[in-house]
Amino acid sequence: MPIRTIIEPFRIKSVEPIRWTTRKEREELLKKASYNVFLLDAEDVLIDLLTDSGTGAMSTAQWAAVMQGDESYAGSPSFYRFRDSVQEIMGYKHVIPTHQGRAAERILFSVMCKKGDVVPNNTHFDTTRANVEFTGAEAVDLLREEGRHPEVIHPFKGNMDVEALEALIQRVGRARIPLVMLTVTNNSGGGQPVSMENARQVSAVCKKYGIPLYFDACRFAENSYFIKLREPGYAEKTPKEIAQEMFALGDGCTMSAKKDGMANIGGFLCTNDDIIAQQEKNLLILTEGYPTYGGLAGRDLEAIAVGIQEALHEDYLRYRITSTGYLGRKLTEAGVPIVQPPGGHAIYLDARTFLPHIPLNQFPGVALTCELYLEGGIRAVEIGGLMFGKAAKMDLVRLAIPRRVYTQSHIDYVIEVLLEVWKRREDVDGMELLYEAPFLRHFTARLCPTAEVAAAAR
Ligand code: F0G
């Protein structure tokens with residue numbers, strides 16, 4: 001019998017209450033938060049889709065492993081369990097724990113990059129870009145054309161433009177490119193996967209010029225499952241075999257274990273290069289900690305050791321990708337504009353098309369984010385004009401799905417709320433920016449609906 005109902009491949013043993021608020025309360029709370037959902041208290045949010053990072057639920061096996069955490073400063077058995085688990089999947093010689101992904105990025109780029117260097121990536125995530133730029137190097141995004149159009153349907157919209165990569169190497173010279181990076185899946189581009197074929201081609205170009213290839217592996221398990229579903233020749237392989245094949249194409253990786261590590265904190269940095277590894281460990285000791293804990297507790301290492309394996313379980317991945325796809329499909333059927341096709345960890349609403357009457361300087365993405373909170377207590381995040389300023393090419397609203405946290409009925413509720421907002425979208429007001437910080441302004445910005453600003457002026 002073909003089963004159409006998406007069931008969570010787990011039972012719930014421990015529950016965390018979520019709190020209803022009334023529309024009236026939410027109006028006041030949002031006003032108090034200056035129409036910036038980052039300034040809301042989490043307890044005032046019913047369904048929190050701000051991020052899938054560190055917000056997942058751990059399994060009974062992970063909690064059991066946490067009890068085995070050995071907190072020795074040096075040489076803890078928890079480190080060896082963590083290292084062996086990571087090595088089984090990633091295959092790299094050196095595994096260096098860090099407190100989260102950006103710490104791995106900072107160490108990697110500090111060791112490998114200098115002023116005047118160029119780092120190509122399919123799309124740098126914002127912390128990745130910032131850490132490259134902090135060393136004085138230039139971060140270049142080389143996404144293929146189909147990845148730049150939200151409405152275009154393509155199985156691997158995260159792919160790197162291999163011809164552009166080779167052209168860049170020839171233009172700036174191999175000596176100025178210390179490494180190439182591939183982000184799997186491409187978070188900033190809508191959670192879109194990279195194909196094995198593309199990774200193979202990028203790897204071949206890197207080998208031709210003797211440039212190391214690193215993966216930003218945050219959502220590697222989801223990427224592997226997309227390859228299994230969509231790429232010819234992979235249907236019979238397990239997600240783990242696919243991940244192993246992909247990592248074998250590179251020389252190392254950075255990882256935020258807060259995503260497909262299924263942990264609430266942690267990350268790591270891997271490399272096959274002995275000299276680079278030594279330099280990285282020296283820096284690690286300076287700011288993160290001794291190389292067998294890297295800023296994490298032994299119990300965190302245990303949670304990652306188990307979690308990174310669980311992220312590759314096929315029944316889990318099927319539920320995860322199907323559930324996110326279901327949300328995307330229901331919205332698409334109703335005409336709601338989203339980045340197509342649905343990604344692995346999130347659905348991205350196209351706010352410019354959703355609210356065409358709101359001019360870009362009145363932040364359509366922020367307006368939509370506020371409306372989702374007012375209508376149903378849902379917290380999403382704007383990725384557009386407020387986050388990136390005038391450089392923003394799109395105004396998106398990301399609904400990121402925490403791992404193993406919300407059930408199918410929560411997803412149905414999100415759809416219900418969104419369709420309600422969609423129905424009365426013409427009444428949604430734009431936003432005026434009242435305060436902005438000199439950098440990373442989206443975290444602390446204060447805004448006000450334009451109608452209220454006008455009323456106050458009268
Ligand atoms: N790379 C990618 C592709 C990411 O999505 C993130 C984090 C990082 C690196 C940095 O990892 O947070 O552990 O330091 N993304 C989160 C998000 C914050 O909400 O998408 P981190």
Minimum side-chain heavy-atom gap M58-V306 below 4.5 Å | no
Do the side chain of R441 and the main chain of L386 share a donor and acceptor less than 3.5 angstrom apart?
-> yes
Check whether any side-chain N or O of N122 sits under 3.5 Å from a backbone N or O of L142 as a donor-acceptor pair, and report yes or no.
-> no
Minimum heavy-atom distance between D52 and R403, given as atom pair plus value = O-NH1, 2.8 Å
From C113 atom SG to E138 atom CD, the distance as rounded to the nearest 0.5 Å = 11.5 Å
With ring pair (Phe, Tyr, Trp, His ring centres under 6.0 Å) as the test, would you mind laying out the steps for F82 and F268 before giving the verdict?
-> CA-CA 10 Å; F82 159 82; F268 53 85; 5.8 Å; yes
Check: Q100/S256 side-chain N/O donor and acceptor closer than 3.5 Å | no
Here the pair of heavy atoms bringing Q408 nearest to S323 is OE1-OG, 3.5 Å
Side chains of Y326 and D412: donor-acceptor distance under 3.5 Å anywhere?
-> yes
More than 12 foreign heavy atoms under 6.0 Å from CD of E43: is that the case here?
-> no
N/O donor-acceptor pair under 3.5 Å between H313 side chain and D315 backbone = no
What is the minimum heavy-atom distance between Y316 and R404, and which atoms define it?
-> CE1-CG, 3.9 Å
Would you say the side-chain atoms of T123 and D141 include a donor-acceptor pair closer than 3.5 Å?
-> no
Sidechain N-carboxylate O distance under 4.0 Å for E27, R23 = yes
List the steps, then state whether side chain to side chain contact (heavy atoms under 4.5 Å, CB included) holds for S85 with Q309.
-> CA-CA 7 Å; S85 179; Q309 299 285 342; 3.1 Å; yes
Hey, what do you get for OG1 (T353) to CZ (R425), rounding to the nearest 0.5 Å?
-> 11.0 Å
K259 NZ to T51 OG1 distance, which is reported to the nearest 0.5 Å = 6.0 Å
Please determine which of K24, K32, R26 meets the side chain to side chain donor-acceptor pair (under 3.5 Å) test together with E28.
-> K24
Does a donor on one side chain and an acceptor on the other come within less than 3.5 Å for K157 and Q340?
-> no
Could you pull out all residues at least two apart from A221 that satisfy side-chain contact (heavy atoms from CB on, under 4.5 Å)?
-> D260, A311, L312, L317
How long is the gap from CZ on F354 to CG on L368, to the nearest 0.5 Å?
-> 5.0 Å
Under 4.5 Å between any side-chain heavy atoms of Y35 and L434, yes or no?
-> no
From NE2 (H149) to NE2 (H154), nearest 0.5 Å = 12.0 Å
Before giving the answer on side chain to side chain contact (heavy atoms under 4.5 Å, CB included), spell out for I47 and V414 the whole-Å C-alpha distance, their side-chain angles and the decisive distance to 0.1 Å.
-> CA-CA 8 Å; I47 308 269; V414 171; 4.1 Å; yes
Is there a donor-acceptor pair closer than 3.5 Å between any side-chain N or O of R398 and the backbone N or O of I383?
-> no
Heavy-atom neighbours of I18 CD1 exceed 12 at 6.0 Å | yes
Give a yes or no on whether E163 atom CD has more than 12 heavy-atom contacts from other residues, nucleotides or ligands under 6.0 Å away.
-> no
Does E382 reach the main-chain N or O of G385 with its side chain, forming a donor-acceptor pair under 3.5 Å?
-> yes
Least distance between heavy atoms, G307 atom then M262 atom | O-CG, 3.4 Å
Would you kindly say whether T185 and N223 are connected by a side-chain donor-acceptor distance under 3.5 Å?
-> no
All heavy atoms of M255 vs all of G261, minimum pair found to be CE-N, 3.6 Å
Is a side-chain donor or acceptor of E105 paired with a backbone partner of T128 at a separation under 3.5 angstrom?
-> yes
Taking atom types as modelled, is there a side-chain donor on E241 or Y234 under 3.5 Å from an acceptor on the other?
-> no
Stepwise side chain to side chain contact (heavy atoms under 4.5 Å, CB included) check, N121 with V140 | CA-CA 6 Å; N121 196 322; V140 179; over 6 Å; no
Any I227 side-chain heavy atom under 4.5 Å of F156 side chain = yes
Separation between CD1 (I242) and CD (E245), nearest 0.5 Å, reads 8.0 Å
Is the side chain of N186 donor-acceptor paired with the backbone N or O of T183 at a distance under 3.5 Å, no angle test?
-> no
When the aromatic ring centroids of F220 and F215 are compared, is their separation below 6.0 Å?
-> no
When you look at CD of E16, are more than 12 heavy atoms from neighbouring residues, nucleotides or ligands closer to it than 6.0 Å?
-> no
Please confirm whether the backbone N or O of V381 pairs with a side-chain atom of T369, one donor and one acceptor, at under 3.5 Å?
-> no
For the pair T450 and E432, evaluate side-chain hydrogen bond (donor to acceptor under 3.5 Å, both in side chains) and give the outcome as yes or no after the intermediate values.
-> CA-CA 6 Å; T450 48; E432 190 168 316; over 6 Å; no
Within-4.5 Å side-chain heavy-atom neighbours: V397 and Y348 | no
Under 3.5 Å: donor-acceptor pair, side chain of E371, backbone of V428 | no
Side chain to side chain contact (heavy atoms under 4.5 Å, CB included), paired with Y214, selected from L182, T254, V180, T271 = T271
Using only heavy-atom distances, determine whether the side chains of E302 and Q62 contain a donor-acceptor pair under 3.5 Å.
-> no
E436 and R446 ion-paired at < 4.0 Å | no
Sub-4.5 Å side-chain heavy-atom contact between L49 and P402 = yes
Decide yes or no for T21 and V45: does some side-chain heavy atom of the first lie under 4.5 Å from some side-chain heavy atom of the second?
-> no
Answer yes or no: is there a donor N or O on one side and an acceptor on the other, between the side chain of W20 and the main chain of L46, under 3.5 Å?
-> no
Is there a donor in the side chain of E288 and an acceptor in the side chain of H99, or the other way round, less than 3.5 Å apart?
-> yes
Report yes if some heavy atom in the side chain of L179 is under 4.5 Å from a heavy atom in the side chain of L213; otherwise report no.
-> no
Side chain to side chain contact (heavy atoms under 4.5 Å, CB included) between F38 and H442, intermediate numbers included | CA-CA 8 Å; F38 277 105; H442 53 289; 4.0 Å; yes
Which is it for R144 and D161 under the salt bridge (Lys or Arg N to Asp or Glu O under 4.0 Å) test, yes or no, and what are the steps along the way?
-> CA-CA 5 Å; R144 276 179 60 90; D161 185 336; 5.2 Å; no
Which class fits the ring pair Y319 and F10: parallel under 30°, tilted 30 to 60°, perpendicular over 60°?
-> perpendicular
Would you mind reporting whether K258 and N264 have side-chain heavy atoms less than 4.5 Å apart?
-> no
When you look at CH2 of W63, are more than 12 heavy atoms from neighbouring residues, nucleotides or ligands closer to it than 6.0 Å?
-> no
For the student: nearest non-hydrogen atoms of P239 and E314, plus distance = CD-OE1, 3.4 Å
